[in-house]
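Letters go in sequence order (proteins before strands), and every chain restarts at 1. No hydrogens, no waters, no symmetry mates; every other heavy atom, side chains included, goes into these values.
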There are 2 protein chains.
Amino acid sequence: MSPRVRLRDVAAAAATSPKTVSRVINGDPRVSEATRDRVRRAVLDLGYQPDPLARSLRRGTDDTIGVVVDSVADPFFASVAGQIERIALPKGITVMIASTNRDQEHEREVLERMAQRRVAGLIVAPISGDHAHLAGLSCPVVFVDRRATGMEADSVVVDDHGGAHAAVRHLVDHGHRRIAFVGHEPELDTLRRRLAGYRAALHEAGITEEFLVASSPDRDEIVHATADLLASRRPPTAIFSPSTRSSMRVLPVLHRLGRLDVGFVAFGDLPLADSLTPGVTVIDHAPEVVGRLAAARLMDRIAGRPLPTEVITAPLRLIPRGSGEVPA
Amino acid sequence: MSPRVRLRDVAAAAATSPKTVSRVINGDPRVSEATRDRVRRAVLDLGYQPDPLARSLRRGTDDTIGVVVDSVADPFFASVAGQIERIALPKGITVMIASTNRDQEHEREVLERMAQRRVAGLIVAPISGDHAHLAGLSCPVVFVDRRATGMEADSVVVDDHGGAHAAVRHLVDHGHRRIAFVGHEPELDTLRRRLAGYRAALHEAGITEEFLVASSPDRDEIVHATADLLASRRPPTAIFSPSTRSSMRVLPVLHRLGRLDVGFVAFGDLPLADSLTPGVTVIDHAPEVVGRLAAARLMDRIAGRPLPTEVITAPLRLIPRGSGEVPA
DNA sequence: CTGTTAGCGCTTTCAG
DNA sequence: CTGAAAGCGCTAACAG
């Protein structure tokens with residue numbers, strides 16, 4: 001529309017210099033009340049709005065934070081991202097979201113691009129195994145869901161070991177002794193921890209028999225492996241699904257086969273989990289909490305508050321809905 | 001880490017001027033092969049990467065498109081956004097996603113901020129009723145899910161009327177005559193069209209009895225209203241849910257009450273829809289298609305290709321899974 | 001308390 | 001084909 005109002009236009013209208021207008025805009029106290037008022041009026045009259053690009057170029061940093069996750073289409077990360085946005089926006093911080101699609105090369109590219117844009121900070125669900133290359137980024141980084149390795153940075157995670165332990169313990173308490181872990185992804189630190197929690201719970205209960213399906217939830221193999229396992233001569237009486245993605249593949253199998261007698265507990269909540277029959281017992285993954293904690297910590301870092309590097313653990317809770325309470 | 005390589009550093013290394021380097025970077029053909037090679041080598045040697053902020057400031061436009069939707073945490077919009085990202089990124093275009101949380105004021109603010117950043121284009125799921133104020137934006141806008149009103153702009157929508165019509169027709173074909181429309185939101189154009197489709201299908205079948213629950217899916221009222229409706233003296237034998245958000249509220253009611261004899265067809269696919277018993281029959285909303293079409297059209301606009309303003313309709317298909325095929 | 005000068009890194013003139 | 005000068009809109013540095 002109108003050709004864009006600049007600082008100098010406001011300055012002219014307020015009969016002062018651009019720098020003084022800049023001071024008023026940025027809340028510098030060293031401006032007289034009278035001038036300040038004139039400037040404020042001019043700003044309103046002309047509908048002036050600062051140019052974020054020019055400002056960032058000069059300042060060397062942008063009022064933007066980057067969020068890099070596996071995929072925005074993943075409900076867990078979508079919730080995390082939504083929460084971050086909710087916290088950042090009121091502070092005048094813009095959020096840029098990007099997906100890695102679980103591809104290391106892609107992750108690198110996306111991060112580089114954000115760094116190039118001089119983002120003030122990054123929240124990353126890292127997919128690469130070693131994050132040393134991220135140490136070179138000149139802005140604070142907070143990891144979510146998976147913790148930092150190879151560099152000093154805060155991470156906001158959930159208690160993978162404890163959550164898995166609680167889930168399996170819950171099944172044991174309902175009489176199950178043959179419990180499968182379906183959907184292992186050994187390349188993910190998170191999953192390895194959940195596997196350890198599963199094993200610890202078995203061990204504690206004096207169970208030595210382990211059922212492990214290590215097919216990735218992204219491939220159809222998991223479907224067949226699960227069906228085969230249930231059809232085997234000595235099948236498990238319960239399944240622990242260590243990730244939402246795994247649950248989305250395994251639950252349909254159970255329902256298709258009508259195997260609703262099989263105990264089932266999932267790590268990560270699911271939409272419609274309480275409309276299934278039986279309802280799906282889950283360890284709630286608390287994406288909102290993860291998002292909130294990560295955003296808060298990043299703000300602290302951007303503000304330069306001196307804090308020790310930390311692994312922040314979001315609390316988990318078990319939500320019994322039926323599938324985890326079927327007897328063995 | 002290293003202090004950032006600038007154009008002039010590359011120029012120095014290649015023994016030429018910044019402008020010539022700029023020409024090479026931007027693929028200007030009017031540079032001799034020899035110079036071009038020297039520059040390319042220098043770029044690689046120094047690891048030069050252009051500064052997007054400086055470039056945008058000078059050019060007056062940013063290689064970024066903004067995506068503004070109800071909420072990234074909404075699975076439909078998350079898919080749409082994911083698809084847009086997938087198309088934009090390989091073209092070197094950065095995507096900024098923001099949520100309106102269905103708040104007009106918020107929408108205005110977010111859009112203003114993006115415009116301020118000189119985005120090259122916008123993809124918007126508009127929440128405000130009249131979009132005339134968006135006409136002032138100096139970049140192309142493509143609307144998704146809901147169509148433009150009050151301004152000339154492309155929209156990518158689904159066939160709301162036709163989809164709803166097909167859904168209700170499907171129920172009629174299975175013998176239902178008392179079919180409820182649960183979860184109307186009269187302020188949304190989309191929903192009004194779906195309601196019209198519902199009515200048209202009833203009319204065609206010679207049905208005069210209409211059941212309408214106009215509670216917003218965001219409020220608990222919809223739960224009670226649905227339960228009351230089913231408990232009434234002359235209840236519907238089937239329900240058409242005109243939105244995913246509505247389905248997420250209504251399905252739990254049906255399952256909690258054990259009313260699996262009630263026919264159910266939803267507008268918009270649902271995660272785990274085929275694990276419910278019965279599986280949920282849906283009109284697939286095709287978020288990926290909507291995203292792809294919107295992104296493609298926006299690219300056309302940004303490239304300045306002369307095209308008539310259009311309402312592009314993404315195809316829908318009915319996926320029968322059981323709930324829509326229960327007899328009356 | 002206020003203003004001037006310079007320059008963030010790039011690209012658009014316009015002149016060789 | 002190449003380069004010098006100017007400036008996008010803003011703010012840091014340094015006067016006054």
B:S56 near the nucleic acid: base, sugar-phosphate alone, or nothing, with a heavy-atom cut-off under 4.0 Å?
nothing
Scan residues 21-33 of chain B against DNA chain D and write down, sorted by residue number, each residue with any heavy atom closer than 4.0 Å; if none is found, say none.
B:R23, B:R30, B:V31, B:S32
Go through C:dG3, C:dT11, C:dC8 for me and flag the one nearest to the B:K19 side chain.
C:dT11
Criterion salt bridge (charged side-chain N to carboxylate O under 4.0 Å, His left out) on B:R292 and B:E288, from CA distance to verdict
CA-CA 6 Å; B:R292 188 158 43 69; B:E288 293 79 8; over 6 Å; no
Measure from the side chain of A:S17, starting at C-beta and using heavy atoms only, and say which of C:dT11, C:dC8, C:dT4 lies closest.
C:dT4
OG on B:S22 to CG on B:L7, rounded to 0.5 Å
6.0 Å
Can you see whether B:R117 engages A:T64 through a side-chain donor-acceptor pair at a distance of less than 3.5 angstrom?
yes
In residues 37-48 of chain B, what residues come within less than 4.0 Å of DNA chain C, judged by heavy atoms?
B:Y48
Secondary-structure string, 5' to 3', Watson-Crick or G-U under 3.5 Å, | for another-strand partners, for DNA chain D:
||||||||||||||||
Proximity to the side chain of A:P18 - top-ranked nucleotide from D:dT11, D:dG9, D:dA6:
D:dT11
Taking the basic N atoms (NZ, or NE/NH1/NH2) and the acidic carboxylate oxygens, is any pair closer than 4.0 Å for B:D70 and B:R146?
yes
Salt bridge (Lys or Arg N to Asp or Glu O under 4.0 Å) partner of B:R102, the single match among B:E187, B:E185, B:E107
B:E185
Below 4.0 angstrom from OP1 or OP2 of C:dT11, is there any side-chain N or O of B:R55?
yes
Heavy-atom pair with the smallest gap, counting every atom of A:V72 and B:I97:
CG1-CD1, 4.2 Å
Could you go through the salt bridge (charged side-chain N to carboxylate O under 4.0 Å, His left out) check for A:E109 and A:R113 one step at a time?
CA-CA 6 Å; A:E109 189 189 324; A:R113 219 136 103 178; 3.5 Å; yes
Can you find a side chain N or O atom of B:T35 that sits less than 4.0 Å from OP1 or OP2 on D:dT2?
yes
Keeping the roles fixed (side chain from A:N101, backbone from A:D103), state whether a donor-acceptor pair exists under 3.5 Å.
no
For atom CZ of B:R58 and atom C1' of D:dG9, their distance in whole Å:
11 Å
C:dG9 base / B:R8 side chain donor-acceptor hit below 3.5 Å
no
If the cut-off is 4.0 Å, is A:T20 near the phosphate of C:dT2, judged by side-chain N/O to OP1 or OP2?
no
Taking side chain as C-beta onward, heavy atoms only, is B:V124 less than 4.5 Å from B:L111?
yes
